[in-house]
A.B. asks: 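Pasting in a structure now, in structure tokens, and then I'll have a few things to ask.
Start at 1 and go down the list; that is how both ligands and their atoms are numbered.
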Amino acid sequence: MSIRILQFGTTGQLARELLAQARDFDVEITGLSRAEADFADPQAVAQRLAGTKADLVVIAAAYTAVDLAETEPELARRVNAQTPAAIAAALGADGPALVSISTDFVFDGAKGSAYLETDAPRPLNVYGASKLAGEQVVRAACPRSLVLRTSWVVSSHGRNFVKTMLRLAGEGRPIKVVDDQLGRPTSARDLARFILSQAGRLAAAPAGDPVFGVCHFANVGEVSWKGLAEAVFELALGAEAPKVAASSTAEFAAPAVRPARSTLDTGKLERVFGVTPRPWREALADIVVELQTVERSAA
Ligand SMILES: NC(=O)c1ccc[n+]([C@@H]2O[C@H](COP(=O)([O-])OP(=O)(O)OC[C@H]3O[C@@H](n4cnc5c(N)ncnc54)[C@H](OP(=O)(O)O)[C@@H]3O)[C@@H](O)[C@H]2O)c1
């Protein structure tokens, strides 16, 4: 029997991939847009769950504007914590299982090696704090919840680093990218396919099953933003790849403080789900091909 998924968010990187990739899995997926469920209004969103026939609820909507969050802390907290809390409370112990997405930005990046799920979080910015609050309230209210932390999400759509780099290369201007922040890039498609592949198991698992709780998902390999930019250019432009100069985080002076090394360990993912994500460069190559195909068909 198909697993019925109710998904909050339809337009983001992960949301779009979940909706598109669902065709390859035995699921029936329904997405609710911001117009149908605005996360600025926790109670209205929770009401969308009344009488739901879903087996699994996925929160793919979030306040993701890391720098803007510094000046909109209340909205960031409402969208990333209060509304997930209202959803989790509406589901409770007896409703459908819940998947909520969190971030490597719950960590301060000072550990010096990859973060385990058991490491103490210490967010450095408003966005990270709002996501951590979201994790805590979801886990407290819904025992059948999986909080999936991911990092550096990339895809062929939406606002993201890969598209920004290719646009800059197209403009032919000098390119300078931060080289002192390290992390694990993650394909929104790979993350979506992981969630969809586990839908049946999550829907059936009882509270207390190891599939619930916090787990990390990120493509394999650690890189800096500069290293990621260089890979984008190598894959997309080959011998024509522009030179990338190194910038420091301090020089870039973004409003939100970011962790220096927020690399996520994915050993638990392998142990509990038997899944090893592929290397980020392989996932990136697929995204670049997709972007080039879209560009060619638009030309
Ligand atoms: N992007 C990253 O690098 C990254 C890294 C680590 C973790 N994550 C987490 O991964 C998840 C997916 O991220 P993503 O990259 O797919 O995000 P995204 O592309 O920025 O999309 C965010 C989604 O949330 C929706 N949204 C924003 N405010 C809303 C509101 N008030 N009500 C309803 N919907 C709202 C957006 O809808 P509109 O189109 O209407 O704005 C959009 O569908 C998020 O939980 C994020 O925190 C992301």
A.B. asks: Select the closest option to atom 3 (O) of ligand 1 among T186, V153, L191, V154, judged by heavy-atom distance.
C.D. replies: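 The nearest heavy atom belongs to V153.
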A.B. asks: Answer yes or no for Y127: is there a heavy-atom contact with ligand 1 below 4.0 Å?
C.D. replies: yes
A.B. asks: Looking at non-hydrogen atoms alone, which of S102, G134, G12 comes nearest to atom 21 (O) of ligand 1?
C.D. replies: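 Residue with the shortest heavy-atom distance to the ligand atom: G12.
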A.B. asks: Enumerate donor-acceptor pairs with a distance under 3.5 Å from any side-chain N or O in residues 250-257 to protein atoms, sequence neighbours excluded.
C.D. replies:
residue: E251; atom: OE1; partner: S248; partner atom: N; Å: 3.4
residue: E251; atom: OE2; partner: K176; partner atom: NZ; Å: 2.3

A.B. asks: Tell me, which protein residue and heavy-atom name are nearest atom 45 (O) of ligand 1, and how many Å apart are they?
C.D. replies: K131 NZ, 2.7 Å
A.B. asks: Does the residue A40 have a heavy-atom contact with ligand 1, meaning some pair of atoms that are separated by less than 4.0 Å?
C.D. replies: yes
A.B. asks: Please step through salt bridge (Lys or Arg N to Asp or Glu O under 4.0 Å) for the pair E72 and R78, ending with a clear verdict.
C.D. replies: CA-CA 10 Å; E72 292 185 341; R78 206 171 331 135; over 6 Å; no
A.B. asks: Drop me the distance from F233's CZ to L228's CG, to the nearest 0.5 angstrom.
C.D. replies: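 The CZ atom of F233 sits 9.5 Å away from the CG atom of L228.
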A.B. asks: Take D26 and I3 through the side-chain contact (heavy atoms from CB on, under 4.5 Å) test and state the conclusion after the steps.
C.D. replies: CA-CA 7 Å; D26 191 10; I3 302 298; over 6 Å; no
A.B. asks: Please report which non-hydrogen protein atom sits nearest to atom 22 (C) of ligand 1, along with the residue it belongs to and the distance in Å to one decimal place.
C.D. replies: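 Of the protein heavy atoms, A62 O, 3.7 Å lies nearest.
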A.B. asks: Between T64 and ligand 1, which residue portion shows a heavy-atom distance shorter than 4.0 Å: side chain, backbone, both, or neither?
C.D. replies: side chain
A.B. asks: Tell me the contacting part of T150 for ligand 1: side chain, backbone, both, or neither, using a 4.0 Å heavy-atom threshold, strictly below.
C.D. replies: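 Near ligand 1, T150 shows its backbone as well as its side chain.
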A.B. asks: Can you report which non-hydrogen protein atom sits closest to atom 31 (N) of ligand 1, along with the distance?
C.D. replies: D38 OD1, 3.0 Å
A.B. asks: Would you mind checking which non-hydrogen protein atom is closest to atom 16 (O) of ligand 1, with the distance to 0.1 Å?
C.D. replies: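 Nearest neighbour among protein heavy atoms for atom 16 (O) of ligand 1, to 0.1 Å: L14 N, 2.9 Å.
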A.B. asks: Given H216, which partner from the list R149, R184, K268 fulfils the side chain to side chain donor-acceptor pair (under 3.5 Å) test?
C.D. replies: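 That would be R149; it is the only one of R149, R184, K268 passing the side chain to side chain donor-acceptor pair (under 3.5 Å) with H216.
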A.B. asks: Specify the protein heavy atom at minimum distance from atom 36 (C) of ligand 1: its residue, its atom name, and the distance to 0.1 Å.
C.D. replies: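 Going atom by atom, the protein heavy atom closest to atom 36 (C) of ligand 1 ends up being T11 OG1, 3.8 Å.
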A.B. asks: Please list all pairs passing the ring pair (Phe, Tyr, Trp, His ring centres under 6.0 Å) test where one or both residues lie in residues 23-76, with sequence neighbours left out.
C.D. replies: F8-F39
A.B. asks: Can you tell me how the ring of W152 sits relative to the ring of W225, calling it parallel under 30°, perpendicular over 60° and tilted otherwise?
C.D. replies: parallel
A.B. asks: Do Q181 and R258 have a side chain donor and acceptor closer than 3.5 Å?
C.D. replies: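 Short answer, no.
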A.B. asks: So between S130, A60, G9, S33, whose heavy atom ends up nearest atom 23 (C) of ligand 1?
C.D. replies: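 Shortest heavy-atom distance from atom 23 (C) of ligand 1: A60.
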A.B. asks: From atom 32 (N) of ligand 1, work out which of F8, F217, W152, F39 has a heavy atom at the shortest distance.
C.D. replies: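 Heavy atom nearest to atom 32 (N) of ligand 1 belongs to F39.
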A.B. asks: Under 4.0 Å between a side-chain nitrogen and a carboxylate oxygen: does that hold for R189 and D286?
C.D. replies: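 Between D286 and R189 there is no salt bridge, as every charged N stays at least 4.0 Å from the carboxylate O atoms.
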A.B. asks: Heavy-atom distances under 4.0 Å decide this one: backbone, side chain, both or neither, for A37 against ligand 1?
C.D. replies: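 It is the backbone that touches ligand 1; the side chain stays farther off.
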